[in-house]
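Working notes for the structure below.
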2 protein chains.
Amino acid sequence: MIGCGTEITLSWDHIQQAQRRLQGVARRTPVFHSRQFDQEAGCTVLFKAENLQRAGAFKFRGAYNKIKGESEKQKVDSVVAFSSGNHAQAVALTAKLMGTRATIIMPEDAPPAKIAATRAYGAEVVFYDRYAENRQDIGERLCRERSAILVPPFDDPFIIAGQGTAALELLDEVPDLDFLLAPVSGCGLIAGCALAARHLRPQIRILGVEPEAGNDTYLSLVKGERVAIPVPRTIADGLQVTSPGELTFPIVKQFVERILLVSDAELVETLIFILERLKILVEPSGVAAAAAVRHKKADFSGKRVGIILSGGNVDMKALGGYLSHDQ
Amino acid sequence: MIGCGTEITLSWDHIQQAQRRLQGVARRTPVFHSRQFDQEAGCTVLFKAENLQRAGAFKFRGAYNKIKGESEKQKVDSVVAFSSGNHAQAVALTAKLMGTRATIIMPEDAPPAKIAATRAYGAEVVFYDRYAENRQDIGERLCRERSAILVPPFDDPFIIAGQGTAALELLDEVPDLDFLLAPVSGCGLIAGCALAARHLRPQIRILGVEPEAGNDTYLSLVKGERVAIPVPRTIADGLQVTSPGELTFPIVKQFVERILLVSDAELVETLIFILERLKILVEPSGVAAAAAVRHKKADFSGKRVGIILSGGNVDMKALGGYLSHDQ
C-alpha cells in the first residue's frame, strides 16, 4: 500500500476492484509476439495491445473505473473532463454506456477528427481559448453549474487503479516477465501498472519511456521531485503533459527504475515496423515503450520484456505522412 | 461428404483432423467487432482476423495441414510451391517449423519484399520467366529432381480442409451467424469455410466476394461450369487467379449462394476504415468480403454476418499511396 497525497491510499485491492468493474465492459486485449522483433531486439517481447481497447486506448480502463466507482458512492448524472485526446473519447464512451451526461472541454484548435469522435459518443464539447483561459477553472465552474464530477486524466486513485488492470491482465497471461515498460505522460498508466506488476511479480523491473523532448518525468526522477517543462514539441501528442502527477509521482519514484528517452524518428520507425509485421496500428505515443526496446535504450538481452502498446488513434493523413517520409 | 474429382472426398472429418494438426501451431485469431461498422452497414458484423495469422494470412492453415498431413503418410524431406504471394510465405514457414527443405518458384519480377520475406523463413527461391516458361512444368520437374511434394495453393483436399478451420473457429466463437462471407480467388478458402460452416450451422448462407475485374468464379457460377478469364487488373493481388479450382468449384457450386463483386476503390475505402477504426491492417484482397457488406452489395439488414479478413501483407509504400489518394 502506498500513500497518495494526504488521505488516499492505493493498493492491490483497488486494482482488483477495478478489474471487477471492467469485467465484460473493457476488452481483454490480446497479447502479441513477433519473432522478428525479438530477433532484432535480442530479447523476447510480449506486447499488450491496448490500441485494440475500446475507444482505441488504455484510457477507457481508468475513465470507466472512475465514473463507475464514483457512482457506487453517489448518484452521477453528469461528468466533465478536459482533454483533446484519448481521455476525451474514453470519458465520452463511458458516459454513453452509463447513461450519464458528458461535457468535454477542448481547446478551440483541437483536431476536427478528435472533436467529431468525441461528439459521436454523444458528449457535449465545450471549447476554450488555450492562450486566454485556464481549463482547470472552466472545468471546476462547469462541475459546479452542472452538479458534475470531474474525471481527471491521471491524477486520481480510480484512474490509476483502472490503468493498472492492463498490467494485471498481461501478467496473468505471461507471468514470467523480467521487465515491464510503458509510455509515460502524466504517469497514470505507469503508476497503475507498476502497482499491479510489483504485486504479482515482486522482482519485475519497471521502466518508463518518454519522448526526448517531453522528458519531464525523466528530469523529475533525476532531481527526486516533480519538475515542469514547457509544452514539448513531439509527434507523440499523447505524451505532451509537462509534469508528472502529484499522486502518480510518488508511485513512480518508488517503483520505476528509470525513464528511457526515444526520438520522434525512432517512434515513427517502430510504428511502421509494428504496422507492417504485427498488422496492428499503434499511435506514436503508443509505441514509445516498443521503440525503447527496439532501439536498445537499455540492456534487455535475453530477457522477457512486457510492453504496453497504449493507444491506436492515428490520423490517417498523418499516417500517410509517416509512410511517405520513411520510404 | 462431397466428391472431389474421381477418388478424393472431403468431409467434416477432414476439417476436424486439420484443426487437430493446427492446434498450438496456427494462431487462433481473434474475432473483431466495430459498432460503427455495424451502424453504417445496418447489420452486425463479426470479423475473423486472419491477417493476424502466422505469416500474415489464412494460407498458413492450408499449407501446414498439407505438409503435416502428407508427413503422416510418408517421409517429407522437401516441398515445392509456386507463388509470389501469401502462399509462398505460408509454405516457407511451415517447412521451417517442420525442418523440411522448401523451394518456392517465383516470377523474376516478383516484388523484392515478398522474395525477401520468403527467404527470411529459410526457403530457396527459384525464379522463372513468366512469359517464356510454365511454372507448373518447373514445379513438377523440381519435385522429381528433389523427391519433393508439391504444395498447391488451393486445389488440394488438405489445403481446402486447412482453410476451413478459420470458419470452424469463427462459428465456435459466434455460433448464431446468418451469413458467412469470404474473399474468392482459387476458392480454397471459401470451399473449406463453406464445408465447415454448413456442417456446424446448416441454415447459414454462404457468399463469396471477388474484385469486379477478377470475376471468374462469378461467371463460372452463372454458367454452371468453370470459366477462365485473362489475368485481371486489380489492386487485390491475392485475387488474381483466372479460374476457380477443379476440386474447389464443385464445393462452391453446392454451397455458395452467389458471388458479390467489389471495385478497387471500395476495397481501398474499406481497408482504410478498418485500419482507422479497428486498428488492424488488412490487405486489399483481404477486405473484399468486408467491402461487399460495407458497400451493401446484398441485403444484410438486421442480420448477423461473419466475415473472413483473409490477410494483412501490404507493402508500406502501397499503403502510403492508398492513404494519400483517399485524402
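Residue numbers begin at 1 in each chain, while the letters A, B, ... track the order of the sequences.
- Of all the listed residues (A:E283, A:R277, A:R35, A:Q36), the one sharing the greatest number of non-hydrogen pairs under 4.5 Å with chain B is A:R35.
- Listed options B:L281, B:V282, B:N51, B:I280 were ranked by heavy-atom pairs under 4.5 angstrom with chain A; first place goes to B:L281.
- With contacts defined as side-chain heavy-atom distances shorter than 4.5 Å, the pair B:L275/A:L275 qualifies.
- Proximity of B:L278 to A:L52: side-chain heavy atoms (C-beta onward) are nowhere separated by under 4.5 Å.
- Contacts between residues 20-29 of chain B and chain A, defined by a heavy-atom separation under 4.5 Å, are made by B:R27.
- Within a 6.0 Å sphere centred on NZ of A:K114, other residues, nucleotides and ligands contribute more than 12 heavy atoms.
- Side-chain contact between A:L323 and B:K317 is absent, with no heavy-atom pair separated by less than 4.5 Å.
- Annotation: side chain of A:K279 is not in contact with side chain of B:Q53 (no heavy-atom distance under 4.5 Å).
- Contacts between B:N313 and chain A at a heavy-atom distance below 4.5 Å involve backbone atoms as well as side-chain atoms.
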